[in-house]
There are 2 protein chains.
Amino acid sequence: MSEAERPGGRREGTGSLAHRVPDLAALELLLAVARLGSLGAAAREVGITQPAASSRVRSMERQLGVALVDRSPRGSRLTDAGVLVTDWARRVVEAAAAFDAGARALRDRRDSRLRVAASMTIAEYLLPGWLLALHAERPDTAVSLLAGNSAKVAELLLSGEADLGFVEGLSVPAGLDAVVIGRDRLIVVAAPGHPWARRRRPLSPEELGRTPLILRERGSGTRQVLDAALGGLARPLIELSSTTAVKASAVSGAGPSVLSELAVREELASRRLVAVPVEGVPLRRDLRAVWPKGHRPTGPARDLLSLTRA
Amino acid sequence: MSEAERPGGRREGTGSLAHRVPDLAALELLLAVARLGSLGAAAREVGITQPAASSRVRSMERQLGVALVDRSPRGSRLTDAGVLVTDWARRVVEAAAAFDAGARALRDRRDSRLRVAASMTIAEYLLPGWLLALHAERPDTAVSLLAGNSAKVAELLLSGEADLGFVEGLSVPAGLDAVVIGRDRLIVVAAPGHPWARRRRPLSPEELGRTPLILRERGSGTRQVLDAALGGLARPLIELSSTTAVKASAVSGAGPSVLSELAVREELASRRLVAVPVEGVPLRRDLRAVWPKGHRPTGPARDLLSLTRA
DNA sequence: ATGAGGGCATAAGCTGGGTTTATGAGCGAG
DNA sequence: CTCGCTCATAAACCCAGCTTATGCCCTCAT
């Protein structure tokens, strides 16, 4: 009953992002201001009144502790800091747009003109981007998404519950035609503090095989590829049930791991994980679009397919 | 709940992201639920009560039209759809974390232990990631950021107002020592519908030089590099005053453009822009860390520097 | 000069989403 | 069989942010 639950001390560091980052509506408003050069015009565009926009921007500036726009009776322009903040805001908004595209596809399970079945990795990391691009070209296309492993994708296609599929893996499921649309690679990663992170000589397969790694559980696609590449030798340090858990564990320095390049792209870019060179281990796997044998994709399926070919 | 608010019937497309995407607090809560396997535990972690968490998750599910977690008396696990949504949510949260890291550096102009001066491109696209990585390794380091062009960076370093600088460009400003930390490339891009997008033969310098392009104004760093590479020949179709405006214009199909690889990475990944191959035009430029001649970076500056070397 | 128009700031009042507190119900373990 | 964990529901409450209604400032055109 006493409210001593909250240690009243410093809330430095972890104040929960949401308290320090303006909400999406505010960020969108800021982008509109940047584009239109006027608070009032931006307000109109996002469907609120001018005083509301004024207040929103002001409270953003208070929250961030930085002046973002130069107001003048002739309009508003971004300050230097505002330009930077706006660009960072754009990235947040784009991630939100990808979220929305994915969520929308997930919701419209039925009655969509294009039903896509995809493996988890592709659904997670590639599909939202494709959906955004598709929306830009063919705004009317309603897409629905079903996710599963290769076998599930094949089943959905063959039973007519999906029009187009995407799988990663070594072989094409029976009864399907396929085209390679890209390539994924498993890479060895370690936290920056790990000895391997500074390594310049490539790891040998034996070395990789005898070192305990943070891995997905047996049976997962990634684990299968790794085991096959090493000849069933992969030795687990910990086994976790999701790619995310594996990543988090690797980032925290628990040990090295082997993960899809797609899954760790961001961590590599921000240097929270480091790629470790390896030699003599075939860790590539093809990404393929698939469809029922003979039934060449047409209409919206063809549109989407043409977007995915790099 | 039938509301005939918007005349025009169709509320397809533009419903303003913020109405369709849960706010950051909700996304963070979802991530916590995924990690901890319990609504109550997640609630505790983000500092709200269990019923609030329950209600928040429920309203997310209503908003998205998809069940995200399987509740049981023994805890909560993500559904299949929940796994996907959570991964997309993670990307939004990471973008927000980068935003926060950048904004924080921008705010703490003075009295920071490490004062960084960076050119716009680096400040926009690379620094937030570095700051996140630095924070992961050295949580106590307070960083401040000043952005400007190469000359401004040099000035700040030489006057002692900054400890470490980052510039992109062909030469190192006088009075500074430097080390190359990466490489940027200008690339020719076009919207997917543009004829160049399907081109397989590389463009020749002449062809590029005689085609009107969407460009930054004369005097911008990007424009300078391009003009130098072409021998002053670049022909503008439109001249715009920000990288963002150029991108938006190119995406909308107004014409081809030449932009930093860093600036269009996301657009390329989602296929809103397509890279056009070019030959015989030297469009690379080095990214360098710089500091006052003789004053080797030490302490936090050295930490940051070591993070940036790929 | 001088008035019209666009742009931003301030003030006051209201609405509703999200929160807390309080309670109940299901399931498993000791 | 009871304790301890989980989640759901209900009711009261609080505050953030919106709208409406102004006013001031600047610029441009007459």
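Naming: A, B, ... by sequence-line order, numbering from 1 per chain.
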Colleague: From NE2 of A/H19 over to C1' of D/dA16, roughly how many Å is that when rounded to an integer?
Modeller: 13 Å
Colleague: Find the distance B/D70:CG to C/dC27:C1' and express it as a whole number of Å.
Modeller: 16 Å
Colleague: Could you tell me whether the side chain of B/V92 reaches within less than 4.5 Å of the side chain of B/W88, counting heavy atoms only?
Modeller: no
Colleague: Just N and O in the side chain of A/S54: are any of them under 4.0 Å from OP1 or OP2 of C/dC8?
Modeller: no
Colleague: Measuring to OP1 and OP2 of D/dC7, would you say a side-chain N or O of B/S72 lies under 4.0 angstrom away?
Modeller: no
Colleague: Check this for me, if you would: do A/E267 and B/R90 make a salt bridge, where the nitrogen-to-carboxylate-oxygen distance has to be below 4.0 angstrom?
Modeller: no
Colleague: B/Q50 has a side chain; which of C/dC8, D/dC7, C/dG26 sits nearest to it?
Modeller: D/dC7
Colleague: Grab the CD-P distance between B/Q63 and C/dG17 for me, whole Å please.
Modeller: 12 Å
Colleague: Would a 4.5 Å heavy-atom cut-off, applied to side chains only, mark B/L146 and B/V153 as touching?
Modeller: no
Colleague: C/dG28 P sits how many Å from B/R74 CZ, rounded?
Modeller: 7 Å
Colleague: A/L36 CG to C/dG7 P: how many Å, rounded?
Modeller: 11 Å
Colleague: Between C/dA9, C/dC27, C/dG7, which nucleotide gets closest to the side-chain atoms of A/L39?
Modeller: C/dA9
Colleague: So what does B/S59 touch, heavy atoms closer than 4.0 Å: a base, only the sugar-phosphate, or nothing?
Modeller: nothing
Colleague: Do A/D100 and B/R20 sit within salt-bridge range, that is, some charged N less than 4.0 Å from a carboxylate O?
Modeller: yes
Colleague: Rounded to the nearest Å, what distance is computed from the CG atom of residue B/L78 to the P atom of nucleotide D/dC7?
Modeller: 12 Å
Colleague: If only side-chain N and O atoms of B/T49 are considered, is one of them under 4.0 Å from the OP1 or OP2 phosphate oxygen of C/dT19?
Modeller: no
Colleague: Does a side-chain N or O of B/S76 approach OP1 or OP2 of D/dC7 to a distance below 4.0 Å, or not?
Modeller: yes
Colleague: Does D/dT9 have its OP1 or OP2 closer than 4.0 Å to a side-chain nitrogen or oxygen of B/R58?
Modeller: yes
Colleague: May I ask you to test the A/R71-A/V69 pair for a side-chain heavy-atom distance under 4.5 Å?
Modeller: yes
Colleague: Between atom CD in A/E61 and atom C1' in C/dA9, what is the gap in whole Å?
Modeller: 13 Å
Colleague: Of the nucleotides C/dC27, C/dG6, D/dT9, which one has an atom closest to the side chain of B/P73?
Modeller: C/dC27
Colleague: Does D/dC26 have OP1 or OP2 under 4.0 Å away from a side-chain N or O of A/R71?
Modeller: no
Colleague: Which is more 5' along DNA chain D, the nucleotide nearest B/A41 or the one nearest A/I48? Just name the residue.
Modeller: B/A41
Colleague: Kindly point out which of C/dC8, C/dG7, D/dG17 is positioned nearest to the side chain of A/R56?
Modeller: D/dG17
